Amino acid sequence: MTGTATRHLYLTRHGEATGDESALTEAGRRQAVLLGQRLRGAPLSMVHHGPLPRAAETARLIGEQLDDVPLRPSAIAGDYLPYLPQAGELPPESAESTLRHLAGFPAAEREGGPALAQEALARFTGPAFGDEPSHELVVTHNFLIGWIVRDALDAPPWRWLGLNHCNAALTVIRYTPGRPASIVFYNDMGHLPRELRWTGFPPEFRACEPVTATGAA
């Protein structure tokens, strides 16, 4: 009888994009290749990616580093607002500025996003159907990663806000039958050299990198 098995969901944001977001920068291409090399040891069966060029190019470069792992474009892995909160859901001190910020996004991203976000949860999260563990990568955008991580933590729907993900960093969530979701790691940049880290992350939130001590007595 077919049951459920553990799902390992790998999430990454596309590599650094050009100003018009039509392609990756040279740094973005290097980020994607290095992430692909890191993932060679993972038993991936599929790479899903959003339809926009920066996500598709990232997925292609990652796929070139893997052994015959198919790539699958998916609208639900696209770039959109996953949830639009009401003022009463938000902390009073930030509600007005948050709603004003969200209202500035294109109507298509605001109106179609919530339905796509629910589809993404249904497709990508929770234990896998069948008897074998599942390992799949989703190459997507910042907002969807925040939405899925928020769901794994059982946080309020609006709390996808404030979760930021660097370009080509890696997040892995484990869904085991009968257990809460487990975030194995989040926004991990260990495969990237220092000069390729933190792109796509708000400058004011960037953590200090350790420096090598010199001239010690």
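Values below: every heavy atom of this structure, side chains too, minus hydrogens, waters and symmetry copies. Since the model is a prediction, treat every value here as computed from it, not as a measurement.
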Within the distance-only criterion (no hydrogens, no angle test), does the side chain of Gln31 pair as donor or acceptor with the backbone N or O of Leu196 below 3.5 angstrom? yes

Closest approach of Ala27 to Glu16 (non-hydrogen atoms, all atoms of both residues): CB-OE1, 3.4 Å

Any Thr199 side-chain heavy atom under 4.5 Å of Phe201 side chain: no

Among residues at least two apart in sequence or on other chains, which ones pass side chain to side chain donor-acceptor pair (under 3.5 Å) with Ser134? none

Can you give me the closest heavy-atom contact between Leu163 and Gly146, atom names plus distance? CD1-O, 3.4 Å

Can you sort out the partners of His191 under ring-ring contact (aromatic ring centres under 6.0 Å, His included), two or more places apart, ordered by chain and number? none

State yes or no: do Phe129 and Ile76 share one hydrophobic cluster built from I, L, V, M, F, W and Y residues joined by side-chain heavy-atom distances below 4.5 Å, directly or via other members? no

List, one per line, each side-chain donor-acceptor pair under 3.5 Å for residues 94-109, sequence neighbours excluded.
{"residue": "Ser94", "atom": "OG", "partner": "Pro91", "partner atom": "O", "Å": "3.4"}
{"residue": "Ser97", "atom": "OG", "partner": "Ser94", "partner atom": "O", "Å": "3.1"}
{"residue": "Thr98", "atom": "OG1", "partner": "Ser94", "partner atom": "O", "Å": "2.8"}

Under 3.5 Å, is there a donor-acceptor pair between the side chain of Thr12 and the main chain of Ala169? yes

Under the rule for side chain to side chain donor-acceptor pair (under 3.5 Å), what residues qualify as partners of Arg159, not counting sequence neighbours? none

Mind jotting down which residue pairs meet the salt bridge (charged side-chain N to carboxylate O under 4.0 Å, His left out) criterion with at least one end in residues 25-35? Sequence neighbours excluded, please. Glu26-Arg29, Arg30-Glu195

Closest non-hydrogen atom pair between Pro85 and Leu161, with its separation: CG-CD1, 4.4 Å

Check whether any side-chain heavy atom of Thr18 lies under 4.5 Å from a side-chain heavy atom of Leu24, and answer yes or no. no

With a 4.0 Å cut-off on N to O distance, would you call Arg40 and Asp67 a salt bridge? no

Strictly by salt bridge (charged side-chain N to carboxylate O under 4.0 Å, His left out), give each pair with a member in residues 175-193 just once, sequence neighbours left out. Arg38-Asp188

Same apolar cluster: Ile173 and Met189, side chain cutoff 4.5 Å: no

Under 3.5 Å, is there a donor-acceptor pair between the His8 and Arg174 side chains? yes

Note, Leu84 side chain near Leu81 side chain (heavy atom, < 4.5 Å): yes

Does Val138 share a hydrophobic cluster with Leu61, counting links as ILVMFWY side-chain heavy atoms below 4.5 Å and allowing steps through other members? no

Going by heavy atoms in the side chains, are Leu192 and Cys166 under 4.5 Å from each other? no

Got a sec, which hydrophobics cluster with Leu52, joining ILVMFWY side chains under 4.5 Å apart, including via others? none

Heavy-atom donor-acceptor pair, Asn142 side chain to Arg13 backbone, under 3.5 Å: no

Taking Ala77's backbone N and O only, do any of them form a donor-acceptor pair with Thr140's side chain (distance below 3.5 Å, no angle check)? yes

State which residues pass side chain to side chain donor-acceptor pair (under 3.5 Å) with Glu89; sequence neighbours excluded, sorted by chain then number. Tyr83

How close do Asn167 and Gly200 get, heavy atom to heavy atom, and via which atoms? OD1-N, 3.3 Å

Shortest non-hydrogen contact from Pro51 to Ala75? CD-CA, 4.2 Å

Just so I know, are the side chains of Tyr80 and Leu144 near enough to count as touching, which here means a heavy-atom distance under 4.5 Å? yes

Ignoring hydrogens, what is the shortest heavy-atom contact between Ala5 and Pro133? Give both atom names and the distance. CB-N, 3.9 Å

Residues pairing under ring pair (Phe, Tyr, Trp, His ring centres under 6.0 Å) where one sits in residues 11-37, two or more places apart or in two chains, turn out to be His14-His141

For this output row, return yes or no: ring centroids of Tyr186 and His165 closer than 6.0 angstrom. yes

Would you list the atom pairs, donor with acceptor, under 3.5 Å between side chains in residues 115-128 and any protein atom, with sequence neighbours excluded?
{"residue": "Arg123", "atom": "NH1", "partner": "Glu136", "partner atom": "OE1", "Å": "3.4"}
{"residue": "Arg123", "atom": "NH2", "partner": "His48", "partner atom": "NE2", "Å": "3.3"}
{"residue": "Arg123", "atom": "NH2", "partner": "Glu136", "partner atom": "OE1", "Å": "3.4"}
{"residue": "Arg123", "atom": "NH2", "partner": "Glu136", "partner atom": "OE2", "Å": "3.4"}
{"residue": "Thr125", "atom": "OG1", "partner": "Leu121", "partner atom": "O", "Å": "2.6"}

Hey, what else clusters with Val69 if you join Ile, Leu, Val, Met, Phe, Trp, Tyr whenever side-chain heavy atoms sit under 4.5 Å? Tyr10, Leu35, Leu39, Leu44, Val47, Ile62, Leu66, Leu71, Leu137, Val139, Leu170, Val172, Val184, Phe185

For Asp154, which residues count as a side chain to side chain donor-acceptor pair (under 3.5 Å) partner, sequence neighbours excluded? none

Taking atom CD of Glu132 as the centre, does the number of heavy atoms from other residues, nucleotides or ligands within less than 6.0 Å exceed 12? no

To the nearest 0.5 Å, what is the distance between CZ (Arg54) and CD (Glu21)? 4.0 Å

